[in-house]
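Computed over heavy atoms, backbone and side chain alike; hydrogens, waters and symmetry mates excluded. Only a predicted model underlies this, so the values are computations on that prediction, with no experimental measurement involved.
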Amino acid sequence: MLALHPPGVPLAGVDIGSNSFRLEIGALPQGRYRRIDYLKETVRLGAGLDTNGMLTEEAAQRGLACLRRFAARLAGFAPSQVRAVATQTLREARNRNAFLLRAQEALGYPIEVISGREEGRLIYAGVAHLQPSEAARLVVDIGGRSTELILAEGAAARAVESFRIGCVSLSMRFFPDGRITPEGFRAAQVAAGAEFEEALEAFAPHRWQEALGASGTVGAVSQILVAAGQGDAAIGPEGLRWCIEQCLRAGQVDALDLPGLKPDRRPVLPGGLAILYTLASHFGIRALQPAKGALRQGLIADLHERTEALRRGLPGDLRDASVAELQRRFAVDAAQADRVARVALALFDAAVPDADPDSRRELGWACALHEIGQMVSHHDHHRHSAYLLAHVDAPGFSQSQQRRVGELVLAQRGGLRKIEPQLASETFAWQVLCLRLAVIKCHARGAVDVQAIALRAHGRDASLSYTREWAAARPRTLYLLQEEAATWLRSGPLRLVLPPA
């Protein structure tokens, strides 16, 4: 939920990563980033995925304990001041929803699972705020279970790709029990090269002027090279070869004694080095400079931009632009989408006047995109629409929010049992009802009078009102409304009450 708070108020970004959890508290007075506090804990959540893709209880407990400590630091922060996101491990975990419920309770704030491309966009938002430049850039972020490559110029990311390979997953697979061997490095580099091969042209050296690394892996390797007198902060092939040689000499991660290497980085250093060396050789990176910004600062910058747009009454944030682009890409009937949105939002505002702004906006986005599935097939288009919304790249949206919008779109017609678990949320139930009523009212695809019907909430009763003259002139719409009332009576948490005939 977003609310208007004074400019310069502290904002918090929580990065629930595969290797580390990070909490950043910062502010952007006059648009300039200022750090207030920073907490980091090595949790190794990614190491807790078993062979069935389930997050183990041991790993879950490590994560929950960390989030409780973060919650203590965030005491007094309003929900509108905090944005928490989870990355690759929870994108993969089959039992992520169960963990997220516990995690949100421990942290005290909602947690969104974001896609790899959205993660990359937010990473660059952090870099752009802390290290602005007009130069064409390649930005690399090596996480615990994924690596993001970003091609950017100025403040905008032009291309973002995410690869399911990271320092934790590669270390576990090719350096089991901490054994460091030449064969392990060769196999790890082949595996990394296979992942990155499809991106060779898109991120080729002629497309960028400077390369930055935004991850803990890059920072750790840079510190080692500086402390060992192997050059400045930039990372190049020669420095990487030196690091790999030192690892091979040690033979075991527990025996690694490199200057500047923190103990918590030892277990994942071999995998991180294999990825870095592969990137340097495949993409012609001669000098990778550590970046000042990262995902956590990007979260704060993005949250700041959203609240500023709300404060100034601007058209909207990046999510609105993504919705408009999806309408264009899937040839949505924009006039019909607008009619449905105007009716649905008027009904929702009257029935749930105290709803938080994002609930209202989610309903608006669902109205705007409720027919994108017609590009696939007119038959059961609501199911195609929901599938597309659950899987399409939509910059600015988390996977969690995309899923909620998709669930609303799925609910626009047909029975309610398919969304029965989601209807346990009263706000969601009202969103669904308002969308369905708007679709019915606008079914003729012509001009509509938004004020012709009105909705009022009386507990769980949803009282719809309209004049007898209006109903008499529209027998088909009245029939559909009566069918809708019967549907909610059979299986809905709300009761739709129509005026007497």
Side-chain angles (χ1 to χ4, degrees), residues 12-24 39-71 82-123 141-148 160-173 215-216 268 271 294-296 298-299 302 389-394 396-407 421-422:
V14 181
D15 171 8
I16 300 173
S18 298
N19 190 50
S20 302
F21 286 13
R22 293 177 167 89
L23 166 63
E24 177 97 4
L39 303 176
K40 173 196 168 186
E41 293 192 23
T42 301
V43 175
R44 295 208 205 297
L45 197 70
L49 279 185
D50 64 22
T51 55
N52 295 315
M54 302 290 282
L55 188 65
T56 65
E57 182 59 24
E58 182 182 359
Q61 287 298 334
R62 292 197 301 270
L64 295 172
C66 174
L67 293 175
R68 291 187 192 102
R69 288 187 282 273
F70 284 2
V82 180
R83 189 172 179 203
V85 301
T87 57
Q88 185 62 38
T89 294
L90 292 183
R91 289 197 285 266
E92 292 183 52
R94 292 172 54 200
N95 57 340
R96 74 173 183 180
N97 290 340
F99 174 74
L100 283 172
L101 287 174
R102 301 163 69 191
Q104 289 175 159
E105 183 180 359
L107 182 63
Y109 299 90
I111 297 171
E112 307 167 78
V113 180
I114 55 175
S115 70
R117 285 184 173 176
E118 178 64 4
E119 181 180 354
R121 185 191 72 81
L122 289 167
I123 288 165
D141 188 288
I142 302 170
R145 295 188 74 92
S146 71
T147 295
E148 281 68 47
V160 180
E161 288 296 343
S162 180
F163 304 87
R164 292 178 59 174
I165 192 165
C167 62
V168 171
S169 55
L170 218 61
S171 295
M172 291 175 62
R173 181 177 176 188
S215 66
V268 298
L295 174 59
R296 57 192 182 274
L299 288 170
D302 203 59
L389 283 169
H391 295 89
V392 73
D393 285 321
F397 284 93
S398 67
Q399 288 185 334
S400 313
Q401 192 165 53
Q402 272 186 243
R403 190 175 299 108
R404 285 197 298 274
V405 175
E407 287 163 350
Q422 293 84 352

I need the minimum non-hydrogen distance between [X] and [Y], along with the two atoms involved.
X	Y	result
Gly116	Val160	O-CG1, 4.5 Å
Phe21	Phe70	O-CZ, 3.7 Å
Leu122	Leu295	CB-CD1, 3.5 Å
Ser20	Lys40	OG-CE, 3.5 Å
Ala106	Ala71	O-CB, 3.4 Å
Gly46	Thr89	CA-OG1, 3.2 Å

Got a salt bridge between [X] and [Y], using NZ or NE/NH1/NH2 to carboxylate O under 4.0 Å?
X	Y	result
Arg44	Glu58	no
Glu41	Arg62	no
Asp393	Arg117	yes

So, the side chain of [X] versus the backbone of [Y]: is there a donor-acceptor pair under 3.5 Å, distance only?
X	Y	result
Ser171	Cys167	yes
Gln402	Ala390	no
Asp50	Asn52	yes
Asn95	Leu55	yes
Arg91	Val113	no

Between [atom1] on residue [X] and [atom2] on residue [Y], distance to nearest 0.5 Å:
X	Y	atom1	atom2	result
Leu67	Glu105	CG	CD	11.5 Å
Asp15	Arg296	CG	CZ	7.5 Å
His391	Ser115	NE2	OG	12.0 Å
Ile114	Ser400	CD1	OG	9.5 Å
Leu23	Leu39	CG	CG	5.0 Å
Arg164	Gln88	CZ	CD	5.5 Å

Practice item. Say whether Glu148 and Ser146, considering side chains only, have a donor N or O and an acceptor N or O under 3.5 Å apart. Key: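 Distance-only check passes for Glu148 and Ser146.
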
Practice item. Please check if any side-chain donor atom of Ser398 sits under 3.5 Å from a side-chain acceptor atom of Glu112, or the reverse. Key: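 The criterion, which ignores hydrogens and geometry beyond distance, is satisfied for Glu112 and Ser398.
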
Practice item. Just do the side-chain contact (heavy atoms from CB on, under 4.5 Å) check on Ile111 and Ile16 with the steps written out, would you? Key: CA-CA 9 Å; Ile111 297 171; Ile16 300 173; 3.7 Å; yes

With the side chain counted from C-beta on, respond yes when [X] and [Y] share a heavy-atom pair under 4.5 Å apart, and no when they do not.
X	Y	result
Arg96	Met54	no
Asp141	Thr147	no
Asp302	Arg83	yes
Phe99	Leu90	yes
Val85	Leu299	yes
Val14	Tyr109	no

Check your understanding: Which residues satisfy the salt bridge (charged side-chain N to carboxylate O under 4.0 Å, His left out) test with Arg102, sequence neighbours excluded?
Key ->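 Per chain and number, Arg102 pairs via salt bridge (charged side-chain N to carboxylate O under 4.0 Å, His left out) with Glu57.
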
Practice item. State whether the number of non-hydrogen atoms from other residues, nucleotides or ligands found under 6.0 Å of Gln104 atom CD is greater than 12. Key: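 Atom CD in Gln104 is crowded, with more than 12 foreign heavy atoms closer than 6.0 Å.
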
